[in-house]
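By convention here, the first residue in the shown sequence is residue 1.
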Amino acid sequence: MEVWDQGQGVPPNRLSDIFERFVQITPRSEPGTGAGLGLAICKSMMELHRGRISAHNRTDRSGLVVAFSMPVDGSNA
């Protein structure tokens, strides 16, 4: 599954950082910024369920794509 937006995207050299706790790409002074926990929580959940999560910038316009997958064989239950 993929989730994408039409925002500014993430500088390529920071893409690997966005899954770490408390990392914020947008300065905290800008409206709508969070605490830097959302993608870190998603990563933890994916790892717990043997899934994978990744991110890349869109190629067709500005924005970010976050892709994730989880096994469906039920063997991790």
Side-chain angles (χ1 to χ4, degrees):
M1 178 175 277
E2 292 183 346
V3 179
W4 48 269
D5 67 19
Q6 296 179 17
Q8 297 175 348
V10 174
N13 64 330
R14 299 291 312 271
L15 278 169
S16 62
D17 298 337
I18 63 175
F19 294 105
E20 300 302 320
R21 291 182 184 128
F22 305 112
V23 168
Q24 295 179 312
I25 303 301
T26 305
R28 212 171 253 241
S29 60
E30 289 190 28
T33 59
L37 289 172
L39 288 174
I41 291 169
C42 291
K43 178 183 174 190
S44 294
M45 291 173 59
M46 290 295 105
E47 290 173 349
L48 178 67
H49 295 286
R50 297 180 327 145
R52 288 183 286 201
I53 189 167
S54 63
H56 63 273
N57 286 309
R58 293 180 64 172
T59 57
D60 61 333
R61 62 180 348 151
S62 65
L64 182 70
V65 178
V66 177
F68 63 93
S69 63
M70 292 179 58
V72 293
D73 62 5
S75 62
N76 63 336

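Residues Leu64 and Met46 fall within the same hydrophobic cluster, defined by Ile, Leu, Val, Met, Phe, Trp and Tyr side chains chained together at heavy-atom separations under 4.5 Å. Both Val66 and Ile25 belong to a common hydrophobic cluster when Ile, Leu, Val, Met, Phe, Trp and Tyr are linked at side-chain heavy-atom distances under 4.5 angstrom. Neither Val10 nor Trp4 shares a network with the other; the hydrophobic side chains, linked directly or stepwise wherever heavy atoms of I, L, V, M, F, W or Y lie under 4.5 Å apart, form separate groups for each.
Judged as a salt bridge (Lys or Arg N to Asp or Glu O under 4.0 Å), and not counting sequence neighbours, the contacts of Glu20 are Lys43. By the side-chain contact (heavy atoms from CB on, under 4.5 Å) test, Leu37 pairs with Arg21, Phe22, Ala35, Ile41, sequence neighbours left out. Listed by chain and number, the residues in a side chain to side chain donor-acceptor pair (under 3.5 Å) with Asp60 are Arg58 (sequence neighbours excluded). Not counting sequence neighbours, Arg52 has no partner by the salt bridge (Lys or Arg N to Asp or Glu O under 4.0 Å) test. Residues satisfying the salt bridge (Lys or Arg N to Asp or Glu O under 4.0 Å) test with Arg14, not counting sequence neighbours, are Asp17. Not counting sequence neighbours, Asp5 has no partner by the salt bridge (Lys or Arg N to Asp or Glu O under 4.0 Å) test.
Atoms CD and SG, from Glu47 and Cys42 in turn, are 11.5 Å apart once rounded to the nearest 0.5 Å. Separating the CE atom in Met1 from the CD1 atom in Ile53 is a distance of 12.0 Å, to the nearest 0.5 Å. Glu2 contributes atom CD, which lies 10.5 Å from atom OG of Ser69 (distance to the nearest 0.5 angstrom). With rounding to the nearest 0.5 Å, the separation of CZ in Phe68 from NE2 in His49 is 12.0 Å.
Considering all non-hydrogen atoms of both residues, Asn57 and Gly9 come closest at OD1-CA, 3.3 Å. Shortest non-hydrogen contact noted between Ser62 and Gly7 is OG-O, 3.0 Å.
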Would you check, one step at a time, whether the test side-chain contact (heavy atoms from CB on, under 4.5 Å) holds for Val3 with Val65? CA-CA 6 Å; Val3 179; Val65 178; over 6 Å; no

